[in-house]
Amino acid sequence: MKLTDMSYAYEVMERHGIAPKKKFGQNFLTSDAVVCRIADTPSEDKEVGVLEIGPGIGTLTEALADRYKKVVSVEIDESLLPVLAETVGWRDNVTVVNADAMKLDLPEFVKEHFGDMKVCVCANLPYYITSPIIMKILECGPLFESVTVMIQKEVAERISSAPGSADYGAITVFASYLADVKKCFNVSPGNFLPPPKVTSAVIRMKPHKTPPVDVKDPENMQKIIKAAFEQRRKMLAGALSSATCRVSKAQISEKIEEAGLPSDVRGEKLSLADFARLSDILEI
């Protein structure tokens with residue numbers, strides 16, 4: 001019997017005396033169609049390994065194990081280990097690790113568990129760590145072939161939005177520097193146990209092997225991007241001058257124009273290429 005059968009999922013949890021924990025943002029999937037669609041997304045190559053973050057009771061883990069050569073699932077909640085031992089522990093191609101994904105050295109972890117295999121990430125991420133864990137994963141560069149995550153729809157739209165849109169923000173630019181991002185599909189609250197208060201969405205990110213723009217100092221570009229959106233109501237010159245005492249607002253305005261941008265432009269209008277060009281001539 002599959003864990004997407006709600007009565008079976010309840011039975012398993014009741015037998016182990018557990019319930020979804022709010023502090024870990026646990027909402028367990030109960031839709032077989034959604035689980036299969038997510039599990040099909042990481043790769044067409046069935047010989048890859050999959051790193052899963054937050055397996056819960058093993059609903060998505062089952063589907064991933066049916067499709068790919070090896071699955072390593074990282075679960076922070078120790079109380080779920082006996083459940084996972086029952087639901088997926090019998091599978092030869094599944095390993096469950098009790099750890100906090102945010103504290104892992106991902107390159108070392110991948111090397112230890114997957115060796116030379118190609119590896120994808122697939123996860124139903126808790127909303128409270130969405131941005132930090134995505135950035136941690138993407139900052140590993142081409143360590144992963146693809147990154148498929150289910151997150152809050154609002155965040156998915158922010159990450160995949162275009163310059164000038166209301167959703168466009170710092171994480172959009174950071175993500176586009178590190179990967180190609182595609183929003184795949186929405187998932188309604190009724191597909192979870194318990195149902196969350198918001199709609200979710202699945203996005204797939206393909207990390208760049210080399211960055212799409214050349215920039216002299218990526219760290220300086222990060223500072224500029226962050227400052228540009230911290231006070232997004234301000235024009236770019238004002239937002240950047242609030243973030244540094246190294247250069248004056250007048251000097252910043254000059255550099256903005258030198259980069260071929262209007263002096264009164266706001267950060268939300270700049271593309272990744274614009275930020276890279278500005279970063280090369282303005283250090284904050």
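Taking the six-membered ring where tryptophan is involved, the planes of Phe229 and Phe275 are tilted, since the angle between them lies from 30° to 60°.
Both Leu240 and Leu261 belong to a single network of hydrophobic side chains, linked directly or stepwise wherever heavy atoms of I, L, V, M, F, W or Y lie under 4.5 Å apart. Hydrophobic clustering (ILVMFWY, side-chain heavy atoms < 4.5 Å, transitive): Val247 and Met235 are in distinct clusters. In terms of hydrophobic clustering, with Ile, Leu, Val, Met, Phe, Trp and Tyr side chains grouped at heavy-atom distances under 4.5 Å, Leu104 and Ile137 are assigned to a common cluster. In the hydrophobic clustering of this structure, Ile18 groups with Leu3; members are Ile, Leu, Val, Met, Phe, Trp, Tyr whose side-chain heavy atoms approach within less than 4.5 Å, directly or through other members.
Although no hydrogens or angles enter the test, the distance criterion places no donor-acceptor pair under 3.5 Å between the side chain of Thr95 and the main chain of Val72. Here the side chain of Asp280 pairs a donor or acceptor atom with the backbone of Lys216 at under 3.5 angstrom. Side chain of Gln251 to main chain of Ser248: a donor-acceptor pair is present (N/O by atom type, distance under 3.5 Å, no hydrogens or angles). A donor-acceptor contact shorter than 3.5 Å is absent between the side chain of Asp66 and the backbone of Ala63. Ser160 contributes a side-chain N or O that, together with a main-chain N or O of Ala156, makes up a donor-acceptor pair within less than 3.5 Å. Although no hydrogens or angles enter the test, the distance criterion places no donor-acceptor pair under 3.5 Å between the side chain of Glu230 and the main chain of Ala239. In terms of modelled atom types and a separation under 3.5 Å, the side chain of His208 and the main chain of Ser176 share a donor-acceptor contact. The main-chain N or O of Ser188 is never found under 3.5 Å from a side-chain atom of Thr199 such that the two would form a donor-acceptor pair. Ser146 places a side-chain N or O within donor-acceptor distance of the main-chain N or O of Pro42, the cut-off being under 3.5 Å. Judged by distance alone, the side chain of Gln152 and the main-chain N or O of Glu154 form no donor-acceptor pair under 3.5 Å.
Under the 3.5 Å distance criterion, with hydrogens and angles disregarded, a donor-acceptor pair is assigned to the side chains of Lys234 and Ser242. Side-chain contact of Ser43 with Asp45: a donor-acceptor pair under 3.5 Å is absent, judged by distance alone. Using a 3.5 Å distance cut-off with no hydrogens or angles, the side chains of Asn220 and Ser279 do pair a donor with an acceptor. A donor atom on one side chain and an acceptor atom on the other are not found under 3.5 Å apart for Ser165 and Asp167.
Contact annotation: the side chain of Ile133 approaches that of Leu125 to within less than 4.5 Å [non-hydrogen atoms, C-beta and beyond]. Between Ile134 and Val147 there is no side-chain heavy-atom pair separated by less than 4.5 Å. In this structure, Asn27 and Leu193 have side chains that are not in contact, with every pair of non-hydrogen atoms separated by 4.5 Å or more. Under the 4.5 Å side-chain criterion, counting only non-hydrogen atoms from C-beta, Val198 is not in contact with Lys153. Taking 4.5 Å as the limit, every side-chain heavy atom of Met13 sits out of range of all side-chain heavy atoms of Val83. The shortest distance between side-chain heavy atoms of Ile38 and Cys122 falls below 4.5 Å. The shortest distance between side-chain heavy atoms of Lys46 and Lys69 does not fall below 4.5 Å. In this structure, Asn93 and Tyr68 have side chains that are not in contact, with every pair of non-hydrogen atoms separated by 4.5 Å or more.
The pair Glu62-Lys2 fails the salt-bridge criterion, with no side-chain N (NZ, NE, NH1 or NH2) lying under 4.0 Å from an Asp/Glu carboxylate O. One finds a salt bridge joining Glu258 and Lys255 here, because a Lys/Arg side-chain nitrogen approaches an Asp/Glu carboxylate oxygen to under 4.0 Å. A salt bridge is defined here as a Lys NZ or Arg NE, NH1 or NH2 lying under 4.0 Å from an Asp or Glu carboxylate O, and Asp40 with Arg37 fails to meet this definition.
Crowding of Tyr10 atom OH: a count of heavy atoms from other residues, nucleotides or ligands under 6.0 Å not exceeding 12. The number of heavy atoms from other shown groups lying within 6.0 Å of CG (Asp100) is above 12. Annotation: Lys136, atom NZ; neighbour count of heavy atoms from other residues, nucleotides and ligands within 6.0 Å is above 12. Heavy-atom contacts from other residues, nucleotides or ligands closer than 6.0 Å to CG of Asp214 number 12 or fewer.
Not a single salt bridge (charged side-chain N to carboxylate O under 4.0 Å, His left out) links Glu257 to another residue, sequence neighbours left out. Under the rule for a side-chain hydrogen bond (donor to acceptor under 3.5 Å, both in side chains), Thr210 has no partner lying at least two apart in sequence or in another chain.
Shown here for Thr41 and Cys184, the closest heavy-atom pair between the two residues is CG2-SG, 4.2 Å. The nearest pair of heavy atoms linking Val149 to Met205 is CG2-CE, 3.9 Å. When all heavy atoms of Ala65 and Val94 are compared, the pair lying nearest together is CB-CG2, 3.6 Å. Considering every non-hydrogen atom in both Ala273 and Val213, the closest pair reads CA-CG1, 4.0 Å. Between Leu278 and Ile224 the shortest heavy-atom distance is CD2-CG2, 4.3 Å. Across all non-hydrogen atoms, the minimal contact from Val215 to Ala276 is CG2-O, 4.1 Å.
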**Asked** Can you list the steps and then say if Val48 with Met117 is a side-chain contact (heavy atoms from CB on, under 4.5 Å)?
**Response** CA-CA 6 Å; Val48 302; Met117 290 178 69; 5.7 Å; no

**Request:** Please report the C-alpha distance between Val121 and Thr148 in whole Å, then the side-chain angles of each, then the deciding distance to 0.1 Å, and finally whether the side-chain contact (heavy atoms from CB on, under 4.5 Å) criterion is met.
**Result:** CA-CA 6 Å; Val121 174; Thr148 301; over 6 Å; no

**Request:** Start with the C-alpha gap between Val88 and Trp90, add the side-chain angles, then the distance that decides, and say whether side-chain contact (heavy atoms from CB on, under 4.5 Å) holds.
**Result:** CA-CA 5 Å; Val88 296; Trp90 56 273; 5.5 Å; no

**Request:** Give the intermediate values and the outcome of side-chain contact (heavy atoms from CB on, under 4.5 Å) for residues Ile284 and Arg246.
**Result:** CA-CA 6 Å; Ile284 68 170; Arg246 300 179 56 152; 5.7 Å; no

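Rounded to the nearest 0.5 angstrom, Arg232 CZ and Tyr168 OH are separated by 10.0 Å. Note: Cys36 SG to Arg67 CZ = 4.5 Å, rounded to the nearest 0.5 Å. Note that CZ of Phe144 is 8.0 Å distant from CZ of Phe114, once rounded to the nearest 0.5 Å. Within the model, atoms NE2 of His16 and OG of Ser79 stand 10.5 Å from one another, a figure rounded to the nearest 0.5 Å. To the nearest 0.5 Å, atom NZ of residue Lys249 and atom OG1 of residue Thr244 are 14.5 Å apart. In this structure, CD1 in Ile159 is found 8.0 Å from CG in Leu138, a value given to the nearest 0.5 Å.
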